[in-house]
Amino acid sequence: MPAVSKGDGMRGLAVFISDIRNCKSKEAEIKRINKELANIRSKFKGDKALDGYSKKKYVCKLLFIFLLGHDIDFGHMEAVNLLSSNKYTEKQIGYLFISVLVNSNSELIRLINNAIKNDLSSRNPTFMCLALHCIANVGSREMAEAFAGEIPRILVAGDTMDSVKQSAALCLLRLYKTSPDLVLMGEWTSRVVHLLNDQHMGVVTAAISLITCLSQKNPDEFKTCVSLAVSRLSRIVSSASTDLQDYTYYFVPAPWLSCKLLRLLQCYPPPEDGAVKGRLVECLETILNKAQEPPKSKKVQHSNAKNAILFEAISLIIHYDSEPNLLVRACNQLGQFLQHRETNLRYLALESMCTLASSEFSHEAVKTHIETVINALKTERDVSVRQRAADLLYAMCDRSNAKQIVAEMLSYLETADYSIREEMVLKVAILAEKYAVDYSWYVDTILNLIRIAGDYVSEEVWYRVIQIVINRDDVQGYAAKTVFEALQAPACHENMVKVGGYILGEFGNLIAGDPRSSPLVQFNLLHSKFHLCSVPTRALLLSAYIKFINLFPETKSTIQEVLRSDSQIRNSDVELQQRAVEYLKLSSIASTDVLATVLEEMPPFPERESSILAKLKKKKGPGAVSVNELEEGKREGGELNGGGGERGGDNSTIAASNASTPSPSADLLGLRTGPQVSAAPPSAGSLLVDVFSEAGVNDDGFLRDLEPPTESSDSLLAEGPGDSDSAPPSAVSEDAAPPLPESNELLNKFVCKNNGVLFENQLLQIGIKSEYRQNLGRMYLFYGNKTSVQFVTFTTTVSCPGELHPQLNVQAKPVEPLIEGGAQVQQVINIECLGDFCEAPLLNIKFRYGGALQNLSLKLPVTINKFFQPTEMASHDFFQRWKQLSQPQQEAQKIFKASHAMDTEVIKAKLLGLGMALLENVDPNPENFVCAGVIQTKAQQVGSLLRLEPNAQAQMYRLTLRSSKDTVSKRLCELLAEQF
């Protein structure tokens, strides 16, 4: 950078700053600033012959005033004029003012762009760097459009100075992060990658940041960087600290560049080239060896730089997960850090070992440090380190050490920090279920968990123990005995009362033979807790009482007395009052046989995986519970579960009253049971189990509160102002992004199904569950945050563009504006079909992630076939109706090549998913498929007939649709042809 001469001191600016600092009050400061602003304004307006020095001085004053928090609304043109100066200090101040104060929408942006272009083409390295810094600081889309093609050329040009290359690489990185669609490397790709071989270490350091970002988005285009990165890393690692003097930091050669190279390699799998892979393994071994060497300096900077490279190398070893020797060595190195005096090192060691524990090669090595980790859990002062220790215990747990780890976690729970208790409870519950071979141990563990940390035991945990007890005959008696003993404690947590009420209501007869736990003793014990409990628990206990009447007729009069009391049948809570009245009447008028039938023991729950894993993932955020762990939990937990639905405990106890509602943990997207027409990719399916297991949709009677529109109401879906997120019906909002290119493809996936993943990227997952009846529909959208960062100002807009508005009425309920990392929110959309339609509603989603606005639009999968009412017809009626629909405009036909295997069962499933009735033995050719249905709209009903003729030999289909309305035939033909 050129030296600043003494004449550039700007005495006037120094005096002004001094005056501001000497002001005794805010009023005095404002008065002085206003005086100066008036003076500067008069200078800019009055004296047309201001020299560069004066302009620079006054622009500097404006910049200082702005930094004090005052608005500046003039001086922009003078700053732009400074850009044309040939003096460095004047040009620098001009660029500084523009970077801070000029809006990207300013009318001056064209003048600024011209000045930047002149500086970029000047070949003056100082001016070029200033221009590149300005582009990067502003980073607007307009800047990207103007210079995205020019900067790569400067970056790879042979005559560009090293300092300019550094600035160009970082400027291009900034533009790529703000407008990735405009920064297309294309022909420059290989030349940018070869910057890793540049002689100047600064250029390599800047270029690798750019290449890493580009590789994350387009790994295949930049895969040649792997060998170059390994080569450069090898040279750094094998060099002595004196070889790279300018880039040696406290005896560690090029630590920042080393870390960036190791991070770049984590974007790719292990190198396929044996020589490259061998060289990389050698580098990693050298890094591990250097970690064992005595330090060359006692300064903390030396150890920080050395450990930064070490941890990045361990991350790469874990990422590859293919070198057993390196994994074990990494584990041993981390084990040494577990007892290091530096808290940050202990934290990082525990965090890295959590990942190592999931590798088959290093799991056993991690287990050898169990005593150290348990000690850390008990003695660490920092709560974040204790939390990582708990995470590591959870990760290293298997059948051989499960009882020890669970016991230590339970012991720690009694004194654990309140901030991590809920997470600890979930982990104990998961481990107890996953690795239990003795059911009595599992029951003891969960009841102990409730006793120690009852306030933090979520519904999923105690639901789960109930499900498992119901499904296992051999543990029911032990569970009844254990909860009976637990309830005898003077202070008993309400969750214990819930579990006790449920289990004794179902299996109290198994311990009734002992005089110490006779029926009346059991009832009195439960009823002694009644007045201390909340309304939902009291409701559960009332259900247990009616079960007692069936199990133990001798308790009938006592229980009826309780139900008959004013505190029950006149209870202010309508739920308790209704249960008391209904149960009293049921016990009075029903015969013993009827009572036994109605109140029989609950059947086993259907086999499903535990929702506690998903609860833990939601608590921890992405990465807390891996997909592999979920699958492993499903495999291993199945041995214990014998099934285990997602229903709440109360639901099964009170089935007789029909007062229960399905649990929030219901299988929302139908991914766990029943065959799917088109299976989602494994990753999407697995993730849905995590993200959406908590969504809280009423799965049974999904549309129970939807009624067809009555004559008195114009629209069933009319809502009050402010109660909808729907856009004005005319069109999409002006600032909404255009629909994604793959929108039609995503829409076609849902023509024959109602549930699944609508959209997924690195940030967001959108799941959908919908159901339709007549001309009405209800759709639940689940927005899952896949990151660990909050989504803020999350808004959605549903619109019916163009001609769709009079044909479809769509109303969206408001959605939560904040989505925590790893969490999800639900949105309800009500749909009414007014007439037949061809287009689909648009869903626009906007939110801010890390400060950047995310804006995307999708087509909602609402197609005309969703409003089909299947119609059964005999062969004679079908062909008679087929002939009636013989006008050319009523028929749509398409002959097309099969794009999927021609499987009869799959074809049937898709046709049923379309919504029509599949008619058997109607077509003379048994290979053909015929269907019939009526599309229900508010305005009219449209009858439709379908005939699908497959030709297995030619791998072709002929699809014929006939409808009473020509537009319906064409649209159905288009939609269905894409399915086969």
Side-chain angles (χ1 to χ4, degrees), residues 103-105 136-144 148 170-183 209-210 212-219 263 266-267 614 617-627 683-684 687-688 690-692 694-695 725 727 732-743 746 757-768 781-798 812 814-827 842-860:
N103 190 298
S104 61
N105 298 322
N137 286 332
V138 175
S140 65
R141 190 168 181 84
E142 291 75 14
M143 289 279 192
L170 296 176
C171 179
L172 198 58
L173 173 61
R174 163 72 170 158
L175 294 183
Y176 185 77
K177 286 183 175 179
T178 55
S179 306
D181 56 315
L182 297 177
V183 181
S209 297
L210 173 64
T212 301
C213 186
L214 293 169
S215 298
Q216 289 169 347
K217 300 284 186 181
N218 307 294
R263 204 167 295 155
Q266 290 176 50
C267 298
K617 180 170 177 68
K618 183 179 178 183
K619 177 77 179 166
K620 290 281 287 177
V625 183
S626 66
V627 171
S683 59
L687 183 61
L688 277 169
D690 301 342
V691 176
F692 295 121
E694 289 290 319
D725 272 359
V732 188
S733 58
E734 291 181 8
D735 56 346
L740 294 175
E742 63 267 29
S743 285
L746 297 173
V757 182
L758 175 61
F759 171 79
E760 184 170 10
N761 63 12
Q762 291 179 327
L763 306 179
L764 177 70
Q765 184 189 57
I766 306 175
I768 188 171
L781 294 177
F782 305 96
Y783 304 101
N785 181 348
K786 294 174 60 180
T787 74
S788 56
V789 180
Q790 288 181 336
F791 291 168
V792 295
T793 61
F794 189 92
T795 56
T796 63
T797 308
V798 181
V815 67
E816 289 291 330
L818 181 72
I819 306 181
E820 296 289 345
Q824 58 89 26
V825 296
Q826 167 191 319
Q827 183 177 32
L842 292 180
L843 170 68
N844 177 247
I845 303 163
K846 293 179 191 165
F847 60 92
R848 288 198 173 273
Y849 166 74
L853 178 65
Q854 306 293 324
N855 185 353
L856 62 97
S857 294
L858 300 162
K859 290 186 177 181
L860 274 183

### Message
Looking at every non-hydrogen atom in both residues, tell me the closest pair between Asn761 and Leu764 and how far apart they are.
### Response
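Taking Asn761 first and Leu764 second, the nearest heavy atoms are OD1-N, 2.7 Å.
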
### Task
Search all heavy atoms of Ser743 against all heavy atoms of Ser857 and return the closest pair with its distance.
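Here Ser743 and Ser857 meet closest at OG-O, 3.8 Å.
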
Atom [atom1] of [X] and atom [atom2] of [Y]: how far apart are they, to the nearest 0.5 Å?
X: Asn785; Y: Leu763; atom1: CG; atom2: CG; value: 8.0 Å
X: Leu843; Y: Leu860; atom1: CG; atom2: CG; value: 5.0 Å
X: Ile766; Y: Phe782; atom1: CD1; atom2: CZ; value: 12.5 Å
X: Lys177; Y: Leu210; atom1: NZ; atom2: CG; value: 10.0 Å
X: Thr793; Y: Ile819; atom1: OG1; atom2: CD1; value: 10.5 Å
X: Gln790; Y: Phe847; atom1: CD; atom2: CZ; value: 13.0 Å

### Query
Just one of Val825, Thr795, Leu781 clears the side chain to side chain contact (heavy atoms under 4.5 Å, CB included) bar with Val815, so which one?
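The option that passes is Val825.
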
### Query
Does CD belonging to Glu816 count more than 12 external heavy atoms closer than 6.0 Å?
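12 or below, so no.
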
### Task
Look at the side chain of Lys846 and the backbone N and O of Leu853, then say whether any donor-acceptor pair between them is shorter than 3.5 Å.
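Not at all, since once roles are kept as given, no pair shorter than 3.5 Å links the two residues.
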
### Message
Restricting to ring pair (Phe, Tyr, Trp, His ring centres under 6.0 Å), what partner residues turn up for Tyr176, sequence neighbours left out?
### Response
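Partners of Tyr176 by the ring pair (Phe, Tyr, Trp, His ring centres under 6.0 Å) criterion come out as none, since no residue qualifies.
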
### Message
Checking Leu182 now: which residues fulfil side-chain contact (heavy atoms from CB on, under 4.5 Å) with it, not counting sequence neighbours?
### Response
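So Leu182 forms a side-chain contact (heavy atoms from CB on, under 4.5 Å) with Arg141, Ala144, Glu145, Ser179.
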
#### Entry: side-chain contact (heavy atoms from CB on, under 4.5 Å) partners of Gln216, counting only residues at least two apart
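Partners of Gln216 by the side-chain contact (heavy atoms from CB on, under 4.5 Å) criterion, ordered by chain and then number, come out as Thr212, Cys267.
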
### Task
Starting from the C-alpha separation in whole Å, work towards a yes-or-no answer on side-chain contact (heavy atoms from CB on, under 4.5 Å) for Gln824 and Tyr783.
CA-CA 5 Å; Gln824 58 89 26; Tyr783 304 101; 5.9 Å; no

### Query
Do Phe759 and Ile845 pass the side-chain contact (heavy atoms from CB on, under 4.5 Å) test, and can you show the C-alpha distance, the side-chain angles, and the key distance before you say yes or no?
CA-CA 12 Å; Phe759 171 79; Ile845 303 163; over 6 Å; no

